[in-house]
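First the proteins, then the strands, lettered A, B, ... as listed; each starts at 1. Just the heavy atoms: all of them, side chains too, but no hydrogens, waters or symmetry mates, feed the values below.
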Amino acid sequence: MARTITMREAINEALDQEMARDESVILMGEDIVGGAGSPGEDDAWGGVLGVTKGLYAKYGRERLLDTPLSESAYIGAAIGAATCGLRPVAELMFIDFMGVCFDQIFNQAAKFRYMFGGKAETPVTIRCMVGAGFRAAAQHSQMLTPIFTHIPGLKVVCPSTPYDTKGLLAASIRDNDPVIFCEHKAMYDTSGDVPEGSYTIPLGEAEVVREGADCTVVAYGLMVHRALEAAELLSTESIECEVVDLRTLSPLDLDTVLESVERTGRLVCVDEATPRCNIAADISAQVAQQAFSALRAGIEMVTAPHTPVPFSPVLEDAYVPSAAKVASAVRRTLGKE
Amino acid sequence: MPAGITPVVMPKWGLSMKEGKVVGWLVADGEDIAVGTELMDVETDKINGAVEATDAGRLRRRVAEEGRTYPVKALLGVLADETVGDAEIDAFIGAYVVPADDEDGEAEGGYDAVEVDGIRVRYSRQGAGGATAVLLHGFGGDLDNWLFNTAPLAAVADVVALDLPGHGQSDIALPGPSVEALAAFVAAVLDRLDIRRAHLVGHSLGAAVAAQLALDHPDRVAGLVLIAPAGFGPEINMDYIDGFVRAAGKKDLKAVLGQLFADESLVTRPLVDGVLRYKRLDGVGELLEALAAGLFPAGRQAAQPGRSLDPRSVPVTVVWGSDDRVIPVAHADAVPDGAAVVVLEKAGHMVQMERAGEVNELLLAQLG
């Protein structure tokens, strides 16, 4: 039966059910067993945010590996294990630290299938926290999704609800290609209806989360909620937005976006990433190329500014796109602002 | 309540409904309203539907604003005859307090589960007591197929709605891929719930299950209401069944579900989302394939218990939509003599949703 659980619990449940289903699934990461302040193995915290809590007691040291503070080493080990028959889920804590393992991810994991003529598979999932709002400053707050969508051979997921999180994480683990699974750090405590049983949501399927005839708003992750907030606000002004949650950024479900824009004739792309070459810019370019004749107004982008994430709480709040900014962009497409 | 004033309130479609958004009014101020008149379109997180008048009278005031969301039982409009003054109506609106929503409260919104032969099934039970009615949905359906029916029935009866095994939020397992096995399972559920005797209300496959249960345990069935029933003839639209089993994405599924209704605009986003969530559970695809293969070998209905019913010993009402695209309305000719057969024009397979008001009247009549 379905019940209301948090995104943190949804991740834990997906990991638990996939480990139970397939014994080749292993977990690796910094402090995923213990964690700061943990009294010991029997009462392990399950990572800095408690996401993997309880799994060590269930699956033991063979399948949950607490790794040294060396992302380049254990991400490389996870990728190597994936090529040799395991199905590792590596937790990299913050996407910001991905930089030290670029070679392993971009030049090895992403290339094996291609360079070995389809004979090699790399079924690894790399989970990481993304996004601002945690007062964690410039090195722990970035939305680096576009860096990974740029690389052919990687799949990139960024869910916005507990239901999607569980189904997409299960699908990512079962997928035979490397998946970068991005969890917005401001959303672990958001809750929603999630079935108890396991299920998958196909990678590469966007979701129309609100229907409306006047303007299409495309978003992912936390920004879906900002877009929905804006849509509610605009509804009181008799402007009806259609909100598309991309859910998966690679592969990208452009069809759903195009079909929506063909109905509404207007497009606002919302992205928490910095604006150059980000997801919003990508969608904007592809829609302009493929559905120019459907557009009745210029495409608007609402993104973070092209700066590092500020540490000042006031500036950080101003940095992340707000519902008010999304609403303004929608009004501009309608010539109302 | 002042004499002559009848409130129109937000209905409760299903146990989990807390609020609904008034999409638009379908009637004007001052119109005379008959019972069953569609007053306004309402949208919930599960379904979109029309609020039907449960009382007759003149609509003196449209209280609900279009586009706004109201809790269950909130005042949406006021019916009153012309003897009632405007000031009285204003006073009534001003004094109206939304009554507490008494039917839920538990975390799961009033749903419960019962286990039979290692298979856990979800059910809801609500209502006034009196006669018990057990609602059985069709192939691929769930207890939400009765969203528009449970509350009106619960006003006069003890209403149990079940997710059949392998369906809805019950365990993804089957007692067996046959009408007989499902009927035996439902009988065991009734035992577990201490229900000695009940009216069985079945839709589609659920109707065949209800009929089979009546044949196997005639003493336990007080009456049958069979809606767009399976079990009266061999034909079944396998394009629908196969399409439903195969549909993997929202678009495919929406097209398939359209075949269930005469008016395809009733296939709304929440409806499709709900079915897709079910279909994506691990094991559902294989289970539905096995069930379809068992129920419909070579594309024909294997079990036709309806034809063996004896309406002289158990009252039977059969309801069909004239435009049913899943099970042909011609099967109504095979209903044994003595049963009441009602064919609703311009309705499809989901008669109890599409024509809830009329179906509810028939259900209430059968329950006495």
Test Arg280(B) against Ile201(A) for side chain to side chain contact (heavy atoms under 4.5 Å, CB included), laying out the working first.
CA-CA 7 Å; Arg280(B) 285 187 166 164; Ile201(A) 295 169; 3.8 Å; yes
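Interface check for chain A: of the options Gln169(B), Lys250(B), Lys279(B), the most heavy-atom pairs under 4.5 Å are formed by Gln169(B).
By the 6.0 Å and 45° rule, Arg277(B) does not stack over the aromatic ring of Tyr199(A).
Taking the charged nitrogens against the carboxylate oxygens, Asp282(B) and Arg174(A) do have a contact shorter than 4.0 Å, which makes a salt bridge.
Neither the backbone nor the side chain of Asp163(B) comes within contact range of chain A, judged by heavy atoms closer than 4.5 Å. Contact of Glu232(A) with chain B is not made at all, since no heavy-atom distance falls under 4.5 Å. Only the side chain of Glu196(A) comes within contact range of chain B, with at least one heavy atom under 4.5 Å from a heavy atom of that chain.
Heavy atoms only, all atoms of each residue included: Glu205(A) and Gly249(B) are closest at OE2-CA, 4.2 Å. Listed here is the closest heavy atom pair of Pro195(A) and Leu281(B): CB-CD2, 3.8 Å.
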